[in-house]
2 protein chains.
Amino acid sequence: MKMILKKYCKMSGRSVTNQRKLLLDLIYRAKGHLDADELFRRAKEQQQRISLATVYRNLKLFKEMGLISENRLGENHSHYEIRSPVEHHHLVCRSCGRVEEFDSPLIDEARLRLQQQKEFDIFSVQLKMEGYCPKCKQKRKPS
Amino acid sequence: MKMILKKYCKMSGRSVTNQRKLLLDLIYRAKGHLDADELFRRAKEQQQRISLATVYRNLKLFKEMGLISENRLGENHSHYEIRSPVEHHHLVCRSCGRVEEFDSPLIDEARLRLQQQKEFDIFSVQLKMEGYCPKCKQKRKPS
DNA sequence: TATTTTTTGAGAATCATTTTCATTTTTATC
DNA sequence: GATAAAAATGAAAATGATTCTCAAAAAATA
Ligand SMILES: [Mn+2]
Ligand SMILES: [Mn+2]
Ligand SMILES: [Zn+2]
Ligand SMILES: [Zn+2]
């Protein structure tokens with residue numbers, strides 16, 4: 001992580017700060033989907049002086065660098081996660097908020113066809129499906 | 001439109017107001033992707049006393065009723081459109097904002113497979129692809 | 001180490017959307 | 001159609017996520 005951060009910062013003429021090292025590390029170790037506030041809370045545990053503005057600034061920066069991705073999972077704020085080389089999508093339970101990740105060659109195929117058909121140069125695919133997970137499905141249908 | 005509105009309002013015990021009739025009609029006639037402000041502007045041309053709060057309230061209501069759909073097309077506010085029986089998705093040019101609509105049996109197939117695999121009851125699929133449209137593609141690559 | 005450049009923290013500002021509440025409109029009842 | 005009860009509206013304030021401002025601190029460069 002630190003090596004990667006250094007590389008990317010150098011590349012774009014940014015400084016490597018303690019805040020950046022900490023934040024990227026926390027996102028990396030979280031594995032899941034973090035929102036800005038949760039990241040801020042965790043960061044403050046180790047750098048009590050860090051500011052929420054710094055969290056937002058650097059989330060934006062990491063995203064520009066391609067290190068993380070931003071998702072809207074149904075709430076009115078964003079969640080962030082380390083961007084892995086293989087793209088994935090999200091299936092969210094609208095009742096309990098559970099998030100399942102998935103990928104599908106069908107989506108990749110759809111992208112390729114669309115690229116040809118519309119002659120766009122497509123660089124981003126965001127797919128979110130919503131529904132009820134097995135548990136919530138039951139609770140809703142005791143009919 | 002008015003018949004539909006009446007039906008849905010009755011069904012859920014809501015009143016049929018002039019504001020609702022006007023707003024739904026404007027969305028219907030717009031065909032494209034309207035945001036709350038644009039809808040408010042157009043509504044005011046015919047009911048100068050209408051409030052932005054009423055616009056938001058009723059967009060939310062129409063959405064709950066399943067009459068319209070809400071999309072995030074890349075800006076930090078929502079766009080709305082009449083919900084047609086056949087689902088469609090969006091391809092957005094990140095340079096000029098142009099929006100192309102599409103649907104694909106591949107996506108439907110992916111949904112079915114996922115439904116089985118994860119045992120979710122899926123009722124919503126939102127797919128947004130981003131890229132550069134043919135025109136913007138050229139401008140960016142004069143290499 | 002000295003100088004220049006970038007980033008940070010704190011708080012104010014922004015902007016889309018929601019809430020509040022008194023007033024008006026709609027609905028249901030007669 | 002008039003009347004009372006229920007729901008919706010307008011205006012303004014509140015909210016909440018995110019961005020901006022600017023003086024002070026840290027990092028990069030010389
Ligand atoms: Mn994910
Ligand atoms: Mn559309
Ligand atoms: Zn669930
Ligand atoms: Zn374009």
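The structure presented is a predicted model; accordingly, all values stated were derived computationally and were not measured. By convention in this document, chain letters (A, B, ...) are assigned in the order of the sequence lines, proteins followed by strands, and residues within each chain are numbered from 1.
- Mapping B/Glu70 and B/Val16 onto DNA chain C by nearest heavy atom places B/Glu70 closer to the 5' end of the strand.
- Atom-to-atom, NZ of A/Lys10 to C1' of D/dT29 comes out at 11 Å; the value is rounded to the nearest Å.
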Worksheet entry | Residue pair B/Arg41, B/Glu45: steps toward the salt bridge (charged side-chain N to carboxylate O under 4.0 Å, His left out) verdict | CA-CA 7 Å; B/Arg41 252 177 261 123; B/Glu45 288 175 9; over 6 Å; no
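- In this structure, the CD atom of A/Glu38 is 17 Å from the C1' atom of D/dG16, given to the nearest Å.
- Checked against D/dA28, C/dA16, D/dC20, the side chain of A/Ala53 finds its nearest nucleotide in D/dC20.
- Between B/Glu64 and B/Lys60 there is no salt bridge, since no side-chain nitrogen of the basic residue lies less than 4.0 Å from a carboxylate oxygen of the acidic one.
- Straight-line distance from the CZ atom of B/Arg72 to the C1' atom of D/dA17: 11 Å, rounded to whole Å.
- Residue B/Arg57 is classed as a base contact, given a heavy-atom separation below 4.0 Å to a base.
- For the pair B/Lys31 and B/Tyr28, the distance from NZ or CZ to the six-membered ring centre is under 6.0 Å and the angle to the ring normal is within 45 degrees.
- In the set D/dA11, C/dG9, D/dT18, the nucleotide with an atom closest to the side chain of B/Arg49 is D/dA11.
- The side chain of B/Asn18 sits closest to C/dT26 out of D/dA17, C/dT17, C/dT26.
- Protein atom CG of B/Leu22 is 13 Å distant from nucleotide atom P of C/dT26, rounded to whole Å.
- Using a 4.0 Å heavy-atom cutoff across all strands shown, A/Asn58 reaches sugar-phosphate atoms only and no base atom.
- Side chains of B/His90 and B/Glu81: a donor on one and an acceptor on the other come within 3.5 Å.
- When the nucleotides C/dT27, C/dT17, C/dT6 are ranked by their closest atom to the side chain of B/Tyr80, C/dT17 comes out on top.
- Regarding B/Gln19, its CD atom lies at a distance of 14 Å from the C1' atom of D/dA11, rounded to whole Å.
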Practice prompt. Tell me, with the steps shown, if A/Phe62 and A/Tyr80 meet ring pair (Phe, Tyr, Trp, His ring centres under 6.0 Å).
Written response: CA-CA 10 Å; A/Phe62 296 157; A/Tyr80 304 84; 9.7 Å; no
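- Residue whose closest nucleotide on DNA chain C sits further toward the 5' end, between A/Ser51 and B/Tyr56: A/Ser51.
- For the pair A/Ser78 and D/dA17, the criterion of a side-chain N or O lying under 4.0 Å from OP1 or OP2 is not met.
- Here the P atom of nucleotide D/dT18 and the NE2 atom of A/His79 are 9 Å apart, to the nearest Å.
- Following rounding to the nearest Å, B/Ile50 (CD1) and D/dA11 (P) show an atom-to-atom distance of 11 Å.
- Closest to the side chain of A/Thr54, out of D/dG10, C/dA10, C/dT8, is C/dT8.
- Taking every side-chain heavy atom of B/Thr17 into account, C/dT26 is the closest of C/dT17, C/dT26, D/dA17.
- What separates CG of A/Leu52 from P of C/dG11 is a distance of 13 Å, to the nearest Å.
- Side chain of B/Arg20, nearest nucleotide from D/dA8, D/dA17, C/dG9: D/dA8.
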